[in-house]
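To keep things clear, I will list the structure first and then write my remarks on it.
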Amino acid sequence: MIPEDDRRETEAPSLEAPGPLVGSRFRRFWVRNRTLFWALHSLWALATGVAVIVLARDRYGFVPWVVLFLVLTWASTLFFGGRTAGDRVGTRRSAPPGFGEEATSYLTRSMYQETLFFLLPFYWYSTVFQSLNVTFSLLLVGLAVLSCLDLFFDGWMRRSRVFGLVFFATVAFAALNLLVPILFPVDPRFGTPIAALAAVGSALSLTMRGASTGRAGRMRIALASVAILAIAIGVPRLVPPVPLRAQSVVFTSEIDRSTLVPFDTLSSPVDPALLGGSLYLLVEVFSPSIMPTTVTLEWQLDGEVIRTTREIEITAHDIGFRVWDRWVPVDGPIRSGEYRVVLRTGGERIFGLAGIRVGG
């Protein structure tokens with residue numbers, strides 16, 4: 001018979017704790033199937049992104065909440081994220097990250113993915129495909145798709161602080177550039193530089209967090225920051241003037257100037273004899289909220305500028321506004337040719353384009 005004290009000492013080693021064993025098995029399972037899991041998740045992220053695009057159509061009321069969610073995620077990443085965002089940017093190692101780190105990375109990355117897909121419809125509404133502002137919309141599409149390719153995207157975020165800066169700044173800028181004119185009654189041409197400064201500042205706080213960078217690394221980050229600000233502020237024509245967009249454009253032979261109702265709707269080709277010596281244009285512009293803005297209309301005939309209106313100051317209402325103009329030649333009847341009207345706001349930013357052919 002074994003004494004009571006000896007029995008307890010003999011039986012104790014047989015009581016194995018299940019926690020470490022289960023955790024070890026799970027880690028081995030994760031390492032073996034990590035690539036397959038992230039590949040399947042990439043397909044899932046693309047599918048949910050398309051669903052977000054469909055659901056986001058014209059839902060401007062959700063924009064402030066999306067930006068608030070973006071700010072909260074930025075704050076949590078900055079103060080509580082551990083080895084996330086800026087801490088991971090620029091680190092080089094051969095072993096894959098642990099499950100805990102990848103889970104944190106996944107949550108942060110998913111937020112940015114859904115934000116990008118949510119913003120896409122609003123920027124495409126204001127994009128004119130024959131203008132330079134299609135560049136920024138294509139950039140958002142590229143980043144949205146890239147952010148779904150988990151293995152490639154997370155690897156680039158770890159290896160390059162500059163890429164992390166550009167990504168974070170672009171997402172924040174796109175969200176704030178849409179929100180500022182809606183939330184505050186400011187002209188989009190003033191909202192864009194405000195959004196750019198705030199976006200670069202927030203991206204720098206994340207990118208510079210964590211491991212120190214050398215002089216060359218700090219120089220690259222500084223140059224990237226200056227380049228982003230220079231493009232957003234110095235070349236505004238590259239950015240669609242959200243949230244404004246030309247909702248409808250009508251060419252007509254006459255307009256009731258008291259009600260702004262067109263007498264008819266012309267389509268190409270138009271017989272010059274039906275115009276009565278003038279060609280009218282009526283544009284309906286969509287705006288989701290009250291905001292001051294400016295509009296300029298430029299008339300072109302076969303690619304040559306024949307008229308540019310003064311800068312028209314308008315206070316847009318939450319149902320939008322209408323603007324009209326007419327072309328009356330001073331040297332005779334309206335000539336045959338291809339007429340095109342370019343709508344601009346802020347002097348350079350195109351948000352509408354319409355054309356009609358007069359004559360055979």
Any heavy-atom pair between the side chains of [Y] and [X] that's under 4.5 Å?
{"X": "Pro236", "Y": "Arg189", "value": "no"}
{"X": "Val250", "Y": "Leu281", "value": "no"}
{"X": "Phe173", "Y": "Val200", "value": "no"}
{"X": "Val249", "Y": "Leu282", "value": "no"}
{"X": "Val270", "Y": "Leu275", "value": "yes"}
{"X": "Ile255", "Y": "Val261", "value": "no"}
{"X": "Phe351", "Y": "Val285", "value": "yes"}
{"X": "Leu143", "Y": "Leu139", "value": "yes"}

Qualifying residue, where the test is side-chain hydrogen bond (donor to acceptor under 3.5 Å, both in side chains) with Arg349 and the options are Thr296, Thr294, Thr192: Thr192

Specify the closest pair of heavy atoms between [X] and [Y], including all atoms of both residues, with the distance to one decimal.
{"X": "Ala224", "Y": "Leu165", "result": "CB-CD2, 3.6 Å"}
{"X": "Asn133", "Y": "Pro241", "result": "ND2-CD, 4.3 Å"}
{"X": "Tyr123", "Y": "Ala174", "result": "OH-O, 2.7 Å"}
{"X": "Gly352", "Y": "Val128", "result": "N-CG2, 3.5 Å"}
{"X": "Leu301", "Y": "Ser336", "result": "CD1-O, 4.2 Å"}
{"X": "Gly191", "Y": "Val180", "result": "CA-CG1, 3.9 Å"}

Phe153 and Phe163 aromatic ring geometry - parallel, tilted or perpendicular at 30°/60° bounds: perpendicular

Parallel, tilted or perpendicular: ring planes of Trp299 versus Tyr339, cut at 30 and 60 degrees: perpendicular

Side-chain donor or acceptor of Ser160 paired with backbone N/O of Trp156 under 3.5 Å: no

Donor-acceptor under 3.5 Å (Thr127 side chain, Phe129 main chain): no

Linked hydrophobic residues, Leu274 as query - side chain contacts closer than 4.5 Å: none

Intermediate values then yes/no, salt bridge (Lys or Arg N to Asp or Glu O under 4.0 Å), Asp302 and Arg340: CA-CA 8 Å; Asp302 295 331; Arg340 189 168 76 159; over 6 Å; no

Heavy atoms of other groups near Arg357 CZ, more than 12 under 6.0 Å: yes

Steps toward side-chain contact (heavy atoms from CB on, under 4.5 Å) verdict (Val341, Gln300): CA-CA 6 Å; Val341 182; Gln300 301 175 3; over 6 Å; no

Pairing of Glu298 and Arg310 as salt bridge, 4.0 angstrom limit: no

Nearest-0.5 Å distance, [atom1] of residue [X] to [atom2] of residue [Y]:
{"X": "Leu297", "Y": "Glu311", "atom1": "CG", "atom2": "CD", "answer": "11.5 Å"}
{"X": "Leu343", "Y": "Asp325", "atom1": "CG", "atom2": "CG", "answer": "9.5 Å"}
{"X": "Asn177", "Y": "Ser126", "atom1": "CG", "atom2": "OG", "answer": "9.5 Å"}
{"X": "Arg218", "Y": "Arg220", "atom1": "CZ", "atom2": "CZ", "answer": "11.0 Å"}
{"X": "Leu266", "Y": "Leu279", "atom1": "CG", "atom2": "CG", "answer": "6.5 Å"}
{"X": "Leu197", "Y": "Leu229", "atom1": "CG", "atom2": "CG", "answer": "5.5 Å"}

Flag for Thr252-Asp264: side-chain donor and acceptor within less than 3.5 Å: yes

Residues Val323, Ile312; criterion side-chain contact (heavy atoms from CB on, under 4.5 Å); working and verdict: CA-CA 9 Å; Val323 61; Ile312 307 168; 4.0 Å; yes

Given Phe251, Trp327, Phe263, Trp324, the one that forms side chain to side chain contact (heavy atoms under 4.5 Å, CB included) with Tyr280: Trp324

Aromatic ring proximity Tyr60/Tyr125, centre distance under 6.0 Å: no

Val134 and Leu138: CA distance, side-chain angles, deciding distance, side-chain contact (heavy atoms from CB on, under 4.5 Å) verdict: CA-CA 6 Å; Val134 72; Leu138 289 177; 4.2 Å; yes

Candidate pair Leu140 and Trp124, rule side-chain contact (heavy atoms from CB on, under 4.5 Å), full reasoning: CA-CA 10 Å; Leu140 291 183; Trp124 282 106; over 6 Å; no

